[in-house]
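Here the structure comes first, spelled out in structure tokens, and everything after it is commentary.
Each ligand, and each atom within it, is numbered from 1 in the order the structure gives. Because only heavy atoms are used, hydrogens play no part in the values below, and waters and symmetry mates are left out as well, while side chains stay in. Keep in mind that this is a model prediction, so the values were computed, not measured. In what follows, residues are counted from 1 in the order of the sequence shown.
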Amino acid sequence: MPTYFTSAPGKVILFGEHAVVYGKVATAGSLGLRSNTLIQNRTDGLIQVNLPDVQLVSAWKIKDIPHQTTWEGYPYPPSTMNMTLLEQLGTFVDLAEHTNRSQAAIALLYLHSYLSTNDDVDMAGGIQGGYDFSVRSNLPVGAGLGSSASYSVCLATALLQLNGYLSGEGTKEDKRDLINQWAFQAEKVIHGNPSGIDNTVSTLGGAVMFKKGEKIEPLPGFQSLRFLLTNTRVPRETQVQVANVRKLQEKFPSVVNPMLDAIHEISVSCKDLFAQEDQDRSHLLSRFGELVDVNHGLLAALGVSHPALEKVREISSKLGLKSKLTGAGGGGCALTLIRDDVTPETVAVIKQLLEAEGFQCMETQVGGPGVGVLTLGAPITIAEFLSHDRAYFEAIQHWTYFS
Ligand SMILES: Nc1ncnc2c1ncn2[C@@H]1O[C@H](COP(=O)(O)OP(=O)(O)OP(=O)(O)O)[C@@H](O)[C@H]1O
Ligand SMILES: C[C@@](O)(CCO)CC(=O)[O-]
Ligand SMILES: [Mg+2]
């Protein structure tokens with residue numbers, strides 16, 4: 001019986017978070033930090049789930065799981081969420097509301113209930129199928145680096161692969177579109193009302209300009225930029241931050257809408273900056289830094305900054321560097337632009353100052369590959385899977401990427 005690994009990156013949003021939910025353009029790239037997944041069939045009718053990053057270890061009997069019985073649109077998901085099924089699954093998993101664990105579990109079961117074909121009923125009326133499902137991530141959970149999207153893309157790919165939806169004749173583009181559409185469903189379970197930028201970047205990899213419902217445009221040049229990512233470790237939920245901005249927008253549309261338009265223009269200006277040929281690189285980086293500053297100011301005015309994020313800005317600006325929050329804000333991560341003229345000594349100093357505040361600094365590559373799948377020759381135990389470190393998955397040569 002086949003055993004599969006799937007792997008998908010986190011993301012960093014350069015410009016345009018929140019505004020992208022309202023149909024504005026945002027720019028983002030994939031991160032070197034990834035989630036890795038194991039999925040393999042069982043024969044005892046159980047889903048054995050192990051998600052150590054959200055402290056969830058559980059086994060569910062497939063025959064007890066609320067199921068989507070009629071759906072004509074295979075292999076694509078329905079355009080609207082099945083709220084009845086979501087409610088039933090919420091009751092079924094019976095974990096406290098709005099915890100990391102319950103959102104991850106419900107997303108898994110929601111996709112399972114549409115995609116799982118390994119649930120044959122045996123002579124005694126029992127279900128023989130089932131599978132092991134385990135995810136291990138190198139991304140901080142709930143910190144603005146797209147941990148939910150990377151989980152969602154891994155989950156969608158794992159279930160699609162196990163159930164044979166990715167092995168047919170279709171093109172790479174068709175397969176990644178299918179993955180992205182199901183990952184978006186999982187993001188909806190976790191976030192409520194996502195724009196789709198996070199799952200799209202995690203599926204495709206690279207660096208892109210994203211606008212809801214429009215063709216994704218690559219953003220050349222972005223890969224040459226260096227960033228320092230700082231996790232303030234202040235917990236927050238994307239769903240809550242997005243809902244808070246919505247409340248403000250509904251209360252003061254004439255104030256908030258021009259701010260969202262201004263954020264849109266920042267992404268457009270970023271694209272224009274990269275499009276200018278023969279321009280001086282130090283000029284490009286200095287203009288880019290100014291856009292970082294303006295975008296953060298607008299996000300702060302939308303109410304999604306946090307004193308810890310302002311501390312990152314204060315420390316970096318003392319050393320002449322520009323920072324902004326990235327992702328949904330309210331805590332989580334900030335990105336700092338490291339211009340080419342910034343010395344290693346300055347980077348060491350800023351890291352030291354940030355870490356002295358209790359923050360975690362990460363230098364990571366941006367713009368790497370999107371989702372990948374690997375078929376293993378023999379089954380492995382969940383414990384074996386979890387014992388592998390990040391370097392193990394990075395060293396594997398035979399991933400099939402969809403980007
Ligand atoms: N490794 C993981 N294992 C299981 N569930 C995960 C994992 N990583 C993320 N999740 C799910 O995603 C949720 C966090 O999503 P959230 O969108 O709030 O943060 P984020 O994706 O890290 O930040 P942002 O959306 O701003 O980039 C968790 O509550 C959990 O349900
Ligand atoms: C805050 C937000 O714009 C980005 C979260 O990474 C939400 C979304 O686009 O779904
Ligand atoms: Mg998220």
Thr326 side-chain N/O to Ile13 backbone N/O, donor-acceptor pair under 3.5 Å: yes

Arg233 atom CZ: more than 12 heavy-atom contacts under 6.0 Å: yes

Proximal ligand 2 atoms for Val21, defined as those under 4.0 Å from one of its heavy atoms: 3 (O), 7 (C), 8 (C), 9 (O)

Proximal atoms of ligand 2 relative to Asp198 (non-hydrogen, under 4.0 Å): 5 (C), 6 (O)

Test: Lys211 and Glu217 ion pair at under 4.0 Å: no

Contact (N/O only, under 3.5 Å) between Leu51 and ligand 1: no

Identity and separation of the nearest protein heavy atom to atom 3 (N) of ligand 1: Tyr151 CD1, 3.7 Å

Heavy-atom closest contact (Ala156 atom, Leu111 atom, distance): CA-CD2, 3.8 Å

Atoms in ligand 1 with a heavy atom of Lys11 nearer than 4.0 Å: 24 (P), 27 (O)

Shortest non-hydrogen separation from Ser113 to Leu85 and the atoms involved: OG-CD2, 3.1 Å

Under 4.0 Å to a heavy atom of Val20 - the qualifying atoms of ligand 2, by number: 3 (O), 9 (O)

Close-contact set for ligand 1 against Ser137 heavy atoms, below 4.0 Å: 1 (N)

Rounded distance [0.5 Å steps], OG in Ser102 versus CG in Leu56: 9.5 Å

Which of the ligand 1 atoms, numbered from 1, are nearer than 4.0 Å to a heavy atom of Ala143: 22 (O)

Ring geometry between Phe393 and Phe5 (parallel below 30°, tilted from 30 to 60°, perpendicular above 60°): perpendicular

Of the listed options Asn50, Thr37, Val49, Asp53, closest to atom 2 (C) of ligand 1 (non-hydrogen atoms): Asp53

Element-labelled atoms of ligand 2 that are located less than 4.0 Å from some non-hydrogen atom of Ile13: 4 (C), 6 (O)

Ligand 1 to Val54 polar contact by distance, N or O atoms, under 3.5 Å: no

Gln241 contact mode with ligand 2 (heavy-atom cut-off under 4.0 Å): neither

Closest candidate by heavy atom, reference atom 11 (C) of ligand 1, pool Val201, Ile190, Val304, Leu139: Ile190

Contact atoms of ligand 2, heavy-atom distance to Pro194 under 4.0 Å: 10 (O)

Lys247 with Glu250: basic N within carboxylate O range, under 4.0 Å: no

Ionic contact status for Glu394 with Arg34, cut-off 4.0 Å: no

Minimum-distance pair of heavy atoms, taken over all atoms of Ala104 and Tyr151: O-OH, 2.8 Å

His264 (side chain) donor-acceptor with Lys24 (main chain) under 3.5 angstrom: no

Ligand-side contact atoms (ligand 1) for residue partner Gly327, heavy atom cut-off under 4.0 Å: 26 (O)

Atom indices of ligand 2 within 4.0 angstrom of Ile197 heavy atoms, with elements: 9 (O)

Residue Gln352 excluded, over 12 heavy atoms near CD under 6.0 Å: no

Top protein contact for atom 19 (O) of ligand 1, by heavy-atom distance: Gly142 CA, 3.2 Å

Aromatic ring pairing Phe227/Phe288, orientation class (parallel under 30°, perpendicular over 60°, tilted between): tilted

Numbered atoms of ligand 1 (with element) below 4.0 Å of Ala104, judged on heavy atoms: 4 (C), 5 (N), 31 (O)

Protein contact to atom 25 (O) of ligand 1 [nearest heavy atom, distance to 0.1 Å]: Thr238 OG1, 2.8 Å

Sphere of radius 2.8 Å around the Mg ion (ligand 3) - protein N, O or S atoms inside: Ser148 OG, His191 NE2

Aromatic plane relationship, Trp60 with Phe92 - under 30° parallel, 30 to 60° tilted, over 60° perpendicular: tilted

Those atoms of ligand 1 less than 4.0 Å from some heavy atom in Val141: 8 (N), 9 (C), 28 (C)

Aromatic ring pairing Trp182/Tyr114, orientation class (parallel under 30°, perpendicular over 60°, tilted between): tilted

Sub-4.0 Å atoms of ligand 1 with respect to non-hydrogen atoms of His191: 16 (P), 17 (O), 25 (O)

Closest protein heavy atom to atom 12 (O) of ligand 1, given as residue, atom name and distance to 0.1 Å: Ser148 CB, 3.3 Å

Modelled atom types, side-chain donor and acceptor of Ser147 and Ser150, under 3.5 Å: no

Heavy-atom gap Arg236 to ligand 1 smaller than 4.0 Å: yes

Minimum heavy-atom distance Ser323-Ser316, with the two atoms named: OG-OG, 2.7 Å

Atoms in ligand 1 with a heavy atom of Leu145 nearer than 4.0 Å: 27 (O)

Any N or O of Ser195 closer than 3.5 Å to N or O of ligand 2: yes

Main-chain N/O of Ala395 paired to Gln397 side chain as donor or acceptor, under 3.5 Å: yes

Identity and distance of the protein heavy atom lying nearest atom 20 (P) of ligand 1: Ser147 OG, 3.5 Å

Heavy atom of Gln241, distance to ligand 1 below 4.0 Å: no

NZ (Lys212) with more than 12 external heavy atoms under 6.0 Å: yes

Arg226 with Asp340: basic N within carboxylate O range, under 4.0 Å: no

Salt bridge present between Lys324 and Glu17 (N-O < 4.0 angstrom): yes

Nearest-contact summary for atom 2 (C) of ligand 2 - protein heavy atom, Å: His18 N, 3.9 Å

Residue and atom name of the nearest protein heavy atom (relative to atom 30 (C) of ligand 1), distance in Å to one decimal: Asn100 O, 3.5 Å

Atoms of ligand 2 close to Glu17 [distance to a heavy atom under 4.0 angstrom, numbered from 1]: 3 (O)

4.0 Å heavy-atom contact, Gly146 with ligand 1: yes

